[in-house]
Amino acid sequence: MKIATWNVNSLKVRLPHLLEWLDAAKPDVVCLQETKLEDASFPRAAIDKIGYAACCHGQKTYNGVAILSRLGLEDVQPGIGGYEDDHKRVLAATVRGVRVVCAYVPNGQAVGTNKYEYKLQWLAEFARWLGEELGAHEKLAVLGDYNVAPAEIDVHNPKRWAGQVLFSEPERAAFQRLLGLGLQDAFRLFPQKERSFTWWDYRLNAFQKDMGLRIDHILVSPALAARCRGCWIDLGPRRLERPSDHAPVVAELELG
DNA sequence: ATGGTAGAAACTCTA
């Protein structure tokens with residue numbers, strides 16, 4: 001089973017890229033972030049037409065998540081259990097016995113701001129809830145835009161990014177707490193090329209200069225880590241005209 | 001050098 005995550009930065013704008021990518025990459029499950037669409041505006045027909053079921057949890061203008069699957073979707077649940085959040089950032093569903101969580105972690109804007117404090121609080125609630133989910137689901141995959149680069153190797157210029165939002169110590173500690181629950185970073189289960197990134201700022205021609213960060217991740221429970229056969233970043237969609245600022249991340253799971 | 005671009009919406013906010 002091929003699972004993927006992609007921050008599309010407006011599903012309305014990126015729908016042609018998404019349909020093209022689904023046809024080319026043929027993932028079985030795709031978690032989308034920043035759909036920026038209310039559920040009533042979700043392009044269900046176009047996605048259904050190419051064989052994917054979809055569930056969505058969206059809002060106008062900001063945030064919004066969705067899960068697409070060509071292997072069915074069961075037990076769909078929005079939000080972080082036990083945490084009231086006005087932002088639509090989390091959606092979970094079960095596919096072939098795998099509990100899939102799609103997450104759009106708050107960006108945090110800048111260290112020291114209210115949005116940064118919200119991000120840290122949000123990550124604490126997320127970790128608390130994922131601990132519960134790990135207890136309930138042996139096969140758990142948590143895919144999304146974490147808005148955290150875990151290590152220096154995940155940042156094009158770690159000296160310049162030191163202490164900045166997306167790479168500050170408290171954010172990295174919050175990410176490590178997710179790993180501390182027993183989740184594993186699927187990308188780092190395998191050898192990878194240096195300078196592997198998933199996001200490049202639209203500004204300053206960052207993609208062309210390879211000035212990126214790896215902030216989109218697929219975390220897997222031990223049972224899935226043992227079945228993970230590969231994990232890679234697909235740069236194709238980032239090279240298109242009018243792209244998302246993020247590239248998709250894909251993992252291959254071998255299920256019995 | 002504290003810029004720059006993109007998206008949605010609406011004369012600004014978020015990323």
Side-chain angles (χ1 to χ4, degrees), chain A residues 5-21 30-43 46-47 56-66 85-91 102-123 126 143-150 154-168 170-172 174-175 197-217 233-249:
Chain A
T5 181
W6 190 11
N7 180 325
V8 290
N9 187 18
S10 170
L11 183 52
K12 185 180 174 186
V13 172
R14 230 65 66 192
L15 183 61
H17 286 190
L18 175 66
L19 297 175
E20 186 181 321
W21 186 71
V30 185
C31 293
L32 302 177
Q33 301 86 36
E34 285 206 90
T35 56
K36 303 186 179 180
L37 285 176
E38 290 179 307
D39 293 348
S41 308
F42 194 84
I47 286 164
C56 54
H57 182 49
Q59 64 188 96
K60 209 186 281 187
T61 312
Y62 306 119
N63 312 314
V65 284
D85 188 1
D86 292 339
H87 298 184
K88 314 294 192 192
R89 296 183 175 279
V90 172
L91 184 62
C102 174
Y104 176 49
V105 176
N107 170 279
Q109 194 170 60
V111 174
T113 62
N114 289 340
K115 291 189 179 66
Y116 181 78
E117 291 307 314
Y118 163 64
K119 179 180 193 174
L120 294 181
Q121 185 203 346
W122 194 98
L123 281 165
F126 191 50
L143 305 88
D145 176 0
Y146 286 73
N147 270 314
V148 179
D154 301 310
V155 179
H156 69 91
N157 183 347
K159 286 205 175 86
R160 180 170 93 61
W161 279 87
Q164 302 295 310
V165 74
L166 309 184
F167 191 53
S168 73
E171 293 166 85
R172 293 168 64 188
F175 187 85
F197 308 128
T198 66
W199 170 81
W200 303 259
D201 200 304
Y202 283 125
R203 296 166 290 191
L204 300 170
N205 229 2
F207 182 65
Q208 285 69 22
K209 293 189 265 186
D210 202 24
M211 292 166 52
L213 270 62
R214 191 177 71 95
I215 58 176
D216 300 86
H217 308 295
I233 299 161
D234 189 342
L235 296 178
R238 189 64 178 82
R239 295 192 180 106
L240 298 173
E241 286 290 316
R242 210 183 177 190
S244 168
D245 44 352
H246 295 251
V249 184

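We name chains A, B, ... by the order of the sequence lines, and we start the count at 1 in each one. When reading the values below, keep in mind they use all heavy atoms of this one structure, side chains included, and skip hydrogens, waters and symmetry mates.
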*Residue pairs fulfilling salt bridge (charged side-chain N to carboxylate O under 4.0 Å, His left out) with at least one residue in residues 203-215 of chain A, sequence neighbours excluded*: A:D154-A:R214, A:D185-A:R214, A:R195-A:D210, A:D201-A:R203
*asked:* A:T113: which residues meet the side chain to side chain contact (heavy atoms under 4.5 Å, CB included) condition with it, sequence neighbours left out?
replied: A:Q109, A:A110, A:K115, A:Y116
_Give me the distance, rounded to whole Å, that separates B:dT14 from B:dA9 when you measure between the P atoms they each carry._
14 Å
*Quick one: label A:F207 by what it contacts on the DNA or RNA (base, sugar-phosphate, nothing), any heavy atom closer than 4.0 Å.*
nothing
*Nearest nucleotide by nearest heavy atom, which residue falls closer to the 5' end of DNA chain B, A:K115 or A:S10?*
A:S10
*A:K119: what forms a salt bridge (charged side-chain N to carboxylate O under 4.0 Å, His left out) with it, not counting sequence neighbours?*
A:E171
*Contact nearer the 5' end of DNA chain B, comparing A:D201 with A:E34*: A:D201
*asked:* My understanding is that only residues two or more places apart in sequence, or in another chain, count here; which of them pass side-chain hydrogen bond (donor to acceptor under 3.5 Å, both in side chains) with A:E20?
replied: none
*Hey, can you tell me if A:H246 and A:W199 have their rings parallel, tilted or perpendicular (30° and 60° cut-offs)?*
tilted
_Interface limits on DNA chain B, where chain A has a heavy atom under 4.0 Å of a nucleotide atom_ = B:dG4 to B:dA15
*For nucleotides B:dT12 and B:dA1, find the distance between their C1' atoms and express it as a whole number of Å.*
25 Å
*Kindly write out the residues that satisfy salt bridge (charged side-chain N to carboxylate O under 4.0 Å, His left out) with A:R172, not counting sequence neighbours, or none if the list is empty.*
A:E169
